[in-house]
Each structure stands twice: as structure tokens, then as C-alpha cells.
Engineer: 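Questions regarding the structure given below will be posed in turn.
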Amino acid sequence: MSISTSIWVWIAALLTLMIYSFLYKENPFYRLAEHIFMGLSIGYSVVILWYNYILPRIYEPLFFPPHQWSLIFPILIGMMTFGIFSEKYNWLIKYPLAVYVAGYAGVQIPLQLQTMILRQAEASFLTPDKFTSLFSSFNALLIFAGLVTTLIYFYFSAKREHGLGGASQVGIIFIMIAFGAAFGYTVMARISLLIGRMQFLLQDWLGIM
Amino acid sequence: MIFLLILSFTISAKDTPDDAGGSITINVYNIPEGTEQIELYRLTKGDTLFEEVGLIPIFKGELDDATVTDGVLYLYKATALTPDTVYVAEIKEFASSSPEWFNKSRTSVLLFIALFWVVILVYIQLAKKNPEGLFIRKLPPLEAMDEAVGRATEMGKPVLYVPGIEYITDAGTLASITILAKVGRKVAEYETRIINPHFDPIVMTTAQETLKNAFSEAGRPDAFNKDDVFYLTSEQFGFAAGVDGIMLRERPGAIFLQGYFYAESLILAETGYSIGAIQIAGTNATTQLPFFVAACDYVLLGEEMFAASAYISKEPRLLGSIKGSDLAKSVLLVLIGVGVIFGTFAAIKNVAGNPVYMEIFDRILEFLARTAE
Amino acid sequence: MNEGKKDLSDWITTINREIIYTIIGLAVIIPILLGIKEKVQISPAVKSAYESIESLNSTDVILISIDYDPASMPELQPMLKAILRHAFGKEIKVIMMVFWPLGLPIGTEGLEEVAGEFGKVYGEDYINLGYRPGDRAVMIDMGREIRNFFRTDVNDVLLDTYPMMRDIHNYNDIALIVGLEAGRWGEYWIQYVGSRYKQRIILGVTGVMAAETYPYLHSGQIEGLIGGLKGAAEYETLIGRPGFGLTGMAAQSWAHIAIIVFIIIGNIGYFMTRRKERRFRIEGRKE
Amino acid sequence: MKKRVPLLITFITGFIIIVSFFVPHRPFGQLETETLIWYAIIFAFTLVIGVDSLVRLHIKHIRKRKKGWWYSIVFFAGFFYCLTIGIISLIQTPNIFQPGTVFFYGYETILIPLQATMFALLAFFVASASYRAFRARNIEATLLLIAAVIVMIGRVPAGYKLWPKLPVIANWIFDVLQIGAMRGILIGVALGAVAMSLRLILGIERTYLS
């Protein structure tokens, strides 16, 4: 294999090097790549906006049978966001904002309770099947201790005195171990990304593999 | 004495519970050995011919027929095909579907919401009556924020505030906006510059208003520069590239990374470190916490971020709500604790030959598990 | 400290970022350039994936689904190539399809490369169905008739023109599904095809996803699991054809060791400065 | 009018959505999916604001010949490039994300390498961050360091060669030791988010409406 003759591979390779150049220091090449990136991604959002939102969600349901006239409401609410373009009608944006934020808050409350809090609590119950062997009992108790002390660490309204202070000390130890483990676990995936880029540069671009 | 029971292949049909109607649940029992396929047929009352509905998955023995009309009566028949025989089962009475007004499987969620709501409201009332009696522990990252702004001012450098890459609907983003108001007031007080790039346009407009108010409150409305609060891009790594560029060019003295972050967290934090800025991070993204902890000077860990946003205002109502969610934590701890004791107790009792406790325990677990579906 | 003069302990507690970056870069580049291969331990999960394909006959057909994009290519492309080499080496026929649009170019590249190595003929030994949107609907409908969604192949040629496809209509004609996953499609394959049609499935997933996919292997819903670059390297070892997986694994090992060495150096330096500071404090009292 | 009404809207909307979680009967059961469609439409309008903000900023840079103004021209070049290939593809085919279209090709050849390279910077950053942060300063930091190093080395073949038990210990740390704390953090975050959402609906938290 030899060096690539495709202009697209060259562009991609040069952009890759431009981005990496910032590891050394800020320079015009990085800045160039950064602005190309920015421009492309905005152009991309405009195309997505047209293609994924305006066409299928506004234009088609409104102008083709069965006409969904009810969609006029979200369109009107959406248009109120344009209020920020004028000094006088600036406050109009608070209406769509209120609808938007409240709607998601309403979805979040039961969903968080159901899928995060209750489910995690349920998973933490010590059922008899967790005590089948000495080792598994030990593990179950360890997980349990980690959970309880971590929750205690996140107590905000109680003074850290007596047992509570000690428990939250243990809690932060568990938390730190968890962070270390998560960090170590991710390293491999991150190195894989670099391997991918190097493979592209060495193989697809320079052709020296 | 040994009874040899040959259980026959049967079928049952009932209205699918807790749904909006339009669905009947069919169960088959005692599926014959060696069955390769179970076919389901349906007869609409008044018709004469059975029509095919579909295949019932053998391992599950259950199928939701979601092609029915509410109120119409149906008769179901299933056939189990083995290499040599065809078994047939039919329901005796007509079944029909109807919508329900309450999803019973979500009762525990409702209970918790009601409890939570009441607790928070009660504490808010208590806090209003007696604001002094409310203790909230200090959060060092929050204390460090003023100092960080101060140091940036001393060095003559701007402050960079990144509100994460989620939408305004994310609780972390909302908390970040409150923290931004606090940082903004300090920035205005010290007459420093704050740079605030955004991933989402709505968060941007909200931040613009918030900062404008913060500057007014500090008595310097004209010091606010709207152009410093700007939209960058809604592309994850494009945003990271843009913010990194800003860090390298503007060299902020203090960097706040507050909000929901994804993989770009460490890209931003390491670049920020390389320019020697004080970094105070905070995120409700549990997956990114380890990276912030490794690379930043101070970090608001998960829930601390929400507590911080309530703490800033020092408003009794908000502080009351922190107390409320602490109590919810206690309830959970008690619940889990009781579960542990009861579970152990039930296990011992069960071994001793009294299955009643075990059954109660199983029921409780089932109740919780159902809600998690 | 001591008149701004830097001694060894200061140097090693504040190694320049550029030096760290260079060494990490080299730790990845050198193994790739020299094609260094790492020896890996075979895990049971990969072994059972290997055996699933090993158990097939030369008349059997496997379906490979490319459900990843270029970001996951370093981990999953070596798996694709290793599995293709294994299959083509056993004269098994291959159908490839794509659920992640950006996966099409890379999947096609891998398929054509390995097919070329084995002198396989398009349309007789392998076929490329291309990309279709609508994941779950496509999966379910392919249980009835592949042509419902894939009337034509990736080149817009009718499937029936190809001799290989004449007798292939649905999952009954496919011996095994191989899903290469970087997203949620792996779970869809299990739920919508594995359970519903009792289809045999093996999955290859990214390293990050491996932990959450293991339960499916334990419950028998998939027959084998190849996780991350390490899994790809194991598979390459099993088929006796070392490829990029093993090279990548060497790069991984080097980079990991480099990071750990940096951590150790940093800590040695840290303890040295601490001791030095303590000494200075005591000496300071003497003065 | 300017603040009261939005707060009222917040309360009513939030309350109805919560109710709909428990009531499968029409019209509540369909409400969640229906609102999501509505929100997608509102979202489309907000994107316009973002594009407007950025385009305006860059025009300003060019007009005022600010330092580095020609980078803004580069920005527009990228912007119009993407727009053009988008339009060409839209005219060509109904599905522009189909492999083979100009848009797909332009996306794949330029945007993907940029994204991938930015993402891959993390390989360098995990190295520099762990060198700097993983120092045995106190008990917590030491445990963080030990957990990270064991999990890191346990995942590569070198760890097995060093000591065959290492991968086993790494797995145990990941499957057991860290689970409790992670669950605790998750529960905490969820409780905080629920409390925040309740504060919003009750109108106590209103910074975002400022």
C-alpha cells in the first residue's frame, strides 16, 4: 500500500492533524479546524431542522390529509420564542419556556421515582438468595454498606456528628473507590479511540501498514 | 401413592390490565412437550370464521392481542403443534377489552410522590416559620466560587462558565442556571468579564436574562455584555472544540463547568487545567464525576449540585425542600433497612418451616418490582 | 522550595504534558507500525462464540448485522474481519446488513477485503443487503420474508437474481445471526428475533457495553459474546489468524502500562518531595 | 401577566402530565406521546434562535474586522458547504441519510473525522489527568488510585501476566465494591432531580423565568 490519492482522505487527515496540533499549543491550524467544525455543525443542524422537524412534523401533517390542525398550538407556542428578537416582546418567551420546562418536570417526577429510586432501592434489598455462600453474603453486605454510607454522605440537613460523621467518612471512601474503578474501566475505550485515529492516519492516509 | 397427572393444554383470555384499552392478554398453560409453534385464532362475536392473530412465544406463553376493539366480544382458540400431534385449546367465555382509569401497577410510585410532595410542603412551611432553625451543611465548592472569581479578577482574566450540554429541561441545567446567577453577581461586583458559551439556544436565552438580572442586582446593569453569552453549536464535540478554543485564546482565570456533561467533560477539564485556571465543576451526570474529580479543583457531586442551587438563594422555602429530600432519603434507608431485617428474618423462619413470612416478604418485593417495570 | 532550583523530585512530580502526550502517542503508534501482537487469554464467552460458528456446515448461511459507526471501528472491525475469515474459511455463506447508516461503508470495506482474500464470489458466497431504517420492524418482518424490506441488495439489484439467495427467505434459512453492536440494536436482536423466532445469536460488542451484555449470555439468550478489542484479539487467536485485534491489544497494553508507569513515577516524586519538605522543616528549626 | 401566568402554566402543565402517568384512560394515556410531538415542534423553533445568534456574531466579527475575523469567513464556508450538500441531496432523494447521497458523503468525510479526533483526544487526557490526580495524598485519594490502577491493569493481558488474579480482583471491584456507592449517587441524583422538578411545578424555583 502507498500514500492515499483521494482528496477526501487528505482533507480528513489534515483536519485530524490540525485538531491534534492543539495538544502542543493554540495555533492558527487548530483555529481553522475549529471554525470549519463549527460552521459544518451549524449547517448540519439547519439541514436536520428542515429534514427531521419542519418537513415531517409541521409541513406534512398540516398540509396533507388527515390535516392535524391541533398542531397549530405548538406552532404558535413555538413562535412565541421569537419574542426575544424584539426588546418589547421579550417576555413572550416565558410562555413556551414554562410549558416546556413544566412538561418535562412532570414526566421526570414519576419516571425518576420509578426507574431510578424505587428500582435501585429494590435491587438493594437483601433477599435470601444473595446469601447462598459465604463470599456472596460478604459481597451483598459490602454493597449494602456502600449504599447506606453513600446516602448518609449526601445528607445535607444534619450536622456531621457522632455516628453520622463516621458513616459519611466511610461513604466518601466508597465513593472514591467507585470513581477510581469507573475511571480505570474507561481508559481502554479511550485508548481504542486513539488507535482508531492512528489506524486511519497510518493506514488509510499514509498507507504504511 | 403416586398420582400421574396429565395436565391438558389450556388457554385463558382477559382484558389487559392497566392499559388504555384495545388489548386482550392471552395466556396458554401446560404447553405440550416438543411444541414447535403455538398459533392463536380469534372469532369475533357474530362472525362464523376464526381469523389468525399470530404466534404465541413458547417461552413466554403469553401474548397481548392489541388489534381488538373495546367492547367487542371475542372467542380465542390456540393450537400447539408438535411433530406428531396438534393440540387445541379454546376459551369458554367471550372476552373483551376496556380502558382503565387507574394504573394499579404504579400505586407505589403514586404513594411515593404523594409522600414526597407532602414532606416538602410541610418542611417549606416549617422553614418559613422558623428560618433560623434550619441547618444545611456547607458545601466547599460553593464557598470556593467567590474566591475563584476574585482570583480571576486579580489576574485580570475573565471567568468562563460552561452550563453543560443538556437542554433546559434537565434538572442539572436548571441548577446550573441558579449557580450562574450567583457567579454572575460576583462577577458584576468585581467588574470582571464572564464568558458563557452554550449548547442549547433556550438555555442561552435563559442565561442571558439571568445574567442581565444578576448584573442589575449588583448595581452594574450596563457592565453586562450580551455578546459574551452566545450559542456555539449543538454538536457534542463541536462544542468541545469551540470551548477549548475559547479557553486557549481568552485564558480565563476561573472556569465553572456546571451542568450535565457527557464524554467531553475531561476534554474541557484538562484543557482548563493546562491554562492554569481554577476549576469548579458540578454535574448530575454520574458517569462523568470521576473525570471531574480527577481534573478539577472543586466538584459538586451529583445531588450536591441541586442542594447548592437551593442553598444559594438562602430562601427558607428552597432550604425546606432540601430538608424534605433528606427525609425521603431516610425513608428509603428505613425501607431498605426493614427489607434487610425482614428478609433475613423471613429466611430464617422459612428454614424453620414457616413460609408465611417469606410470602409476605415476596409480596413486598413484588410490589416494588412491578413498579420498576 | 529551594531557590527555584529543580531537582529530580520536582521534575518527576511535574512532567510536562507534552512528554506524557508524546509517550502515549508512541505507545499506540509503535505497536501498530511494527505490527506487534499481544498474547491473550481465551475467555469462555469468546470461546462459545467461536464454537457457534465452528459448529456450522458449509451449506449454512450466517447473517452479520453491522450496527456500529466509525467511532467504534477500532474495536468492532477486527471482530468483523475475524468472523468473516472464520466463516469463509469454513465455506459458510454470509449475508451482511446494516442498521447504522454510517456503518455501511466500513462494513462493506471489511466484507470485500476478506472475501477477496478467500476468492469468494459476490452473489454466490456472500451478499451485502445494505442499510435499511426501521430496526425493530425490519427485524420482525425478516422472520416472514427478507424481501419485504430487502427486495434489492446494496447495489439495487433484485435479490432473486443471485443464486445464493434463491432459497433464503427468512430466519428459518439462516443458521446464526452475528450482531456487531455499538448501540441498542443488540438488545433488539435478542428481544425481537432471538426470543420470538428462537434464532441462534452471537454478539460482538464494544468494551464499554460488554458488562451490561453479559447477563444475556448467562441466561442463554445469546450463544456467545465477543467484548471489545480484547474479545476480537481472542477470536483472532482462536482462528489462528492474528490480525488488528491482537495488534490493537498490544497498543492497549503499552498505553496502559505507560499510564501506570506515569502514576507510579508521580507518586514516587510525591513521596520524595514530602520527605524533603519534612527534612527542610527540621533543618529550618536548627537555624 | 409577565410572571404570574407562566408560573400558573407551569403548575397546570406539570400537574396534568403527572396525572397522565397514572391514568391510562383516554385522553390522559396518550398525553405523554402527544406532548413529546408538541415539544419536538417547539424545539424546532428554538434551533432558529441558536443559528441566528451564531450567524449574527460572526457577521459582527467580519463587519468590525475583529482580530481573527477571517476565521468567521471559514465558519461561513463550512456552514454553506453543509447547507449546499443538504439541499442537493434533498432534491436528489427523499432520504438524505441514506448512504450514497451527497449529504451523507460530505458528512462522513469531514464531520466524522473531526468528531472522532476530538473524541480521541481523551486518550491523551486520561493519561495526563491520571498522572496528576492519582497521588497518594490521603486515604481517599489512595483508594481512588488503587482502584483505578487495578481495574486499568486488570483489563489488559499484561495484568494477567503480572498476576493471574488481577483480572479477577478488577472484576470484583467493578462488580461489587463500587456498586453500592454508585447506587447511592444515582438515588441521590434522582431524589435531587425529583425535588427540583417539584419545586419547579410549585413555582418555588423560578430562576429560569427571571
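Sequence lines set the chain letters: A, B, ... in the order given, protein chains first and strands last, and positions in each chain run from 1.
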Engineer: If you count heavy-atom pairs within less than 4.5 Å of chain D, which of B/Val293, B/Leu174, B/Ile120 leads?
Structural biologist: B/Leu174

Engineer: For chain B, which of D/Gly68, D/Ala148, D/Gly188 has the most heavy-atom pairs under 4.5 Å?
Structural biologist: D/Gly188

Engineer: Using a 3.5 Å cut-off and no angle test, enumerate the donor-acceptor pairs between side-chain atoms of residues 229-243 of chain B and protein atoms at least two apart in sequence or in another chain.
Structural biologist:
from, atom 1, to, atom 2, distance (Å)
B/Tyr231, OH, B/Ser234, N, 3.2
B/Tyr231, OH, B/Ser234, OG, 2.6
B/Thr233, OG1, A/Ser41, OG, 2.8
B/Thr233, OG1, B/Glu235, N, 3.1
B/Ser234, OG, B/Phe199, O, 2.9
B/Glu235, OE1, B/Phe237, N, 3.2
B/Glu235, OE1, B/Gly238, N, 2.8
B/Glu235, OE2, D/Gln115, NE2, 2.3
B/Gln236, NE2, B/Glu264, OE1, 2.9

Engineer: In terms of heavy-atom proximity below 4.5 Å to chain B, should D/Ser53 be classed as side chain, backbone, both, or neither?
Structural biologist: side chain

Engineer: Let me know if B/Ser274 has heavy atoms under 4.5 Å from chain D in its side chain, its backbone, both or neither.
Structural biologist: neither

Engineer: Using only heavy-atom distances, determine whether the side chains of B/Ser98 and B/Asp15 contain a donor-acceptor pair under 3.5 Å.
Structural biologist: yes

Engineer: Is it the side chain or the backbone of B/Ala175 that comes within 4.5 Å of chain D heavy atoms, both, or neither?
Structural biologist: both

Engineer: Please list, in residue-number order, every residue in residues 78-89 of chain D that has a heavy atom less than 4.5 Å from any heavy atom of chain B; write 'none' if there are none.
Structural biologist: none

Engineer: Chain D heavy atoms under 4.5 Å from B/Leu180: which part of the residue, side chain, backbone, both or neither?
Structural biologist: neither

Engineer: Just give me the residue among D/Leu202, D/Ile187, D/Leu114 that pairs up with chain B most often, heavy atom to heavy atom, under 4.5 Å.
Structural biologist: D/Leu202

Engineer: Can you tell me if B/Ser309 and B/Thr178 form a side-chain donor-acceptor pair at under 3.5 Å?
Structural biologist: no

Engineer: What residue in B/Ile202, B/Asn103, B/Ile267 has the most heavy-atom pairs under 4.5 Å with chain D?
Structural biologist: B/Ile267

Engineer: What part of B/Asp18 is in contact with chain D, defined as an atom under 4.5 angstrom from a non-hydrogen atom: side chain, backbone, both or neither?
Structural biologist: backbone

Engineer: Whether the B/Ser97 and B/Asp70 side chains hold a donor-acceptor pair (N or O, under 3.5 Å, no angle test) is what I'd like checked.
Structural biologist: yes

Engineer: Rounded to the nearest 0.5 Å, what separates atom CG in B/Leu301 from atom OG1 in B/Thr286?
Structural biologist: 11.5 Å

Engineer: After noting the C-alpha distance and the side-chain angles of D/Phe43 and B/Tyr167, does the key distance pass the ring-ring contact (aromatic ring centres under 6.0 Å, His included) rule?
Structural biologist: CA-CA 10 Å; D/Phe43 178 73; B/Tyr167 302 103; 5.4 Å; yes

Engineer: How would you list all residue pairs meeting side-chain hydrogen bond (donor to acceptor under 3.5 Å, both in side chains) that involve residues 170-181 of chain D, not counting sequence neighbours?
Structural biologist: A/Asn139-D/Trp172

Engineer: Between B/Glu166 and B/Ser176, do the side chains contain a donor N or O and an acceptor N or O under 3.5 Å apart?
Structural biologist: no

Engineer: Can you see whether B/Asn284 engages B/Asp170 through a side-chain donor-acceptor pair at a distance of less than 3.5 angstrom?
Structural biologist: yes

Engineer: Does the structure place the NZ or CZ of B/Arg106 under 6.0 Å from the centre of the six-membered ring of D/Phe21, at an angle of no more than 45° from the ring's axis?
Structural biologist: yes

Engineer: Do any side-chain atoms of residues 119-141 of chain D form donor-acceptor pairs under 3.5 angstrom with protein atoms, and if so which ones, sequence neighbours left out?
Structural biologist:
from, atom 1, to, atom 2, distance (Å)
D/Ser128, OG, B/Glu270, OE1, 2.6
D/Ser128, OG, D/Phe124, O, 3.4
D/Ser128, OG, D/Phe125, O, 3.3
D/Ser130, OG, D/Val126, O, 2.5
D/Ser130, OG, D/Ala127, O, 3.2
D/Tyr131, OH, C/Ile12, O, 2.6
D/Tyr131, OH, C/Thr13, O, 3.2
D/Tyr131, OH, C/Thr14, N, 3.3
D/Tyr131, OH, C/Ile15, N, 2.9
D/Arg132, NH1, B/Glu270, OE1, 3.3
D/Arg132, NH1, B/Glu270, OE2, 3.0
D/Arg132, NH2, B/Glu270, OE2, 3.0
D/Arg132, NH2, B/Ala295, O, 3.4
D/Arg135, NE, C/Gly266, O, 3.4
D/Arg135, NH2, C/Thr13, O, 3.2
D/Arg135, NH2, D/Tyr131, O, 3.4
D/Asn138, OD1, D/Glu140, N, 3.4
D/Asn138, OD1, D/Ala141, N, 2.8

Engineer: Just say parallel, tilted or perpendicular for the rings of D/His61 and D/His58, cut-offs at 30° and 60°.
Structural biologist: perpendicular

Engineer: Which residue out of D/Asp52, D/Val189, D/Leu111 racks up the most heavy-atom pairs below 4.5 Å with chain B?
Structural biologist: D/Val189

Engineer: Please flag which part of B/Asp19 lies under 4.5 Å from any non-hydrogen atom of chain D: side chain, backbone, both or neither.
Structural biologist: backbone

Engineer: I'd like to verify something: which residue of B/Ile177, B/Thr206, B/Asp227 has the highest number of heavy-atom pairs under 4.5 Å with chain D?
Structural biologist: B/Asp227

Engineer: Mind ranking B/Leu266, B/Leu332, B/Thr271, B/Asn213 by heavy-atom pairs under 4.5 Å with chain D and telling me who comes out on top?
Structural biologist: B/Leu266

